[in-house]
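Taking it in order: structure first as C-alpha cells, then the write-up.
Quick caveat, the model's predicted, so the values are computed rather than measured.
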Amino acid sequence: TVGYFAGEQLPSPFGITGPANDQLQQMPAPAFALLTVAIGAAELKRATIGWVEPDFGDWSKTLWKLRDNYYPGDVGFDPLGLKPEDPKAFADMQTRELQNGRLAMIGWAGMCAQELCNHRTIMGTIDFY
C-alpha cells in the first residue's frame, strides 16, 4: 500500500505518472524486461532454497516436495536480525506478519478498486472530494 502512494507521488526515473494501476504499461520495454528477469531470479533462488531437486527417474516422490529443513517463507534473509530464536516468539511474530499482510492486501484492494472506478490517483481522489 505504501508503494501505491510512493509510485504516484514521487518522481520516477522513467517519467511514469498517473494512477498506480496504469504505471506498469508506461514502463520502457528494456526496464520491464530487466524487472521480469530480476523477479524470475528471485523466485528461482527461493525455489532452490525450499524445494528438493526433482528426480526424473521417479518424479512422483520428489515433485512438489519441500526440503526437511525448510520452513515456508524462511529463505534466510534477515539482515537486521529480527527473527526470534525462540520457536514460540517466532510463531507469534509470524502470526503478526500474516495479519499485517492480510490487512495490507485489503487496503490495496480498496485502492486498486477506487483507481479502476474513477481513473484518478489516490491523492487526486481525496482532493476531488
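- Every residue two or more places apart in sequence or in another chain was checked for a salt bridge (Lys or Arg N to Asp or Glu O under 4.0 Å) with Glu85, and none qualifies.
- With salt bridges taken as basic N to acidic carboxylate O contacts below 4.0 Å, none links Arg96 and Asp92.
- No donor-acceptor pair under 3.5 Å is formed between the side chain of Asn21 and the backbone N or O of Glu115.
- Separation of atoms CE (Met27) and CG (Leu24) is listed at 7.0 Å; rounding is to 0.5 Å.
- For the pair Thr48 and Lys45, the tightest heavy-atom approach, listed with the atom from each and the gap, is OG1-O, 2.8 Å.
- Take Arg120 and apply the salt bridge (Lys or Arg N to Asp or Glu O under 4.0 Å) test, not counting sequence neighbours, and it matches no residue.
- For the pair Arg46 and Ile49, the minimum side-chain heavy-atom distance is 4.5 Å or more.
- Proximity of Asn100 to Glu97: side-chain heavy atoms (C-beta onward) are nowhere separated by under 4.5 Å.
- A 4.5 Å side-chain heavy-atom check between Met123 and Glu8 finds every atom pair outside the cut-off.
- Under the 4.5 Å side-chain heavy-atom criterion for ILVMFWY residues, a single connected hydrophobic cluster contains both Ile39 and Phe14.
- Under a hydrophobic clustering in which Ile, Leu, Val, Met, Phe, Trp and Tyr are joined whenever their side-chain heavy atoms come within less than 4.5 Å, directly or via other members, Val37 and Phe32 fall into different clusters.
- For Gln26 (side chain) and Ile16 (main-chain N/O), no donor-acceptor pair under 3.5 Å exists by modelled atom type.
- Residue pairs that meet the ring pair (Phe, Tyr, Trp, His ring centres under 6.0 Å) test with at least one member in residues 77-99, sequence neighbours left out, are Tyr71-Phe90.
- Between the side chain of Arg67 and the backbone N or O of Trp51, at least one donor-acceptor pair lies under 3.5 Å.
- A pairwise comparison of heavy atoms in Thr125 and Gln114 identifies OG1-NE2, 2.5 Å as the closest pair.
- Put simply, CG on Asp78 and CG on Leu80 are 7.0 Å apart, with the number rounded to the nearest 0.5 Å.
- Between Asp74 and Tyr70 the shortest heavy-atom distance is O-CE1, 3.3 Å.
- Note: Leu63 CG to Lys65 NZ = 12.0 Å, rounded to the nearest 0.5 Å.
- Between the side chain of Thr62 and the main chain of Asp55, a donor-acceptor pair closer than 3.5 Å is present.
- Relative orientation of the Trp108 and Tyr4 rings is perpendicular, given thresholds of 30° and 60° on the angle between their planes.
- One distance of note links OG1 of Thr121 with CD1 of Ile126; it measures 8.5 Å at 0.5 Å rounding.
- Grouping the Ile, Leu, Val, Met, Phe, Trp and Tyr side chains by contacts below 4.5 angstrom, directly or via other members, places Val75 apart from Leu44.
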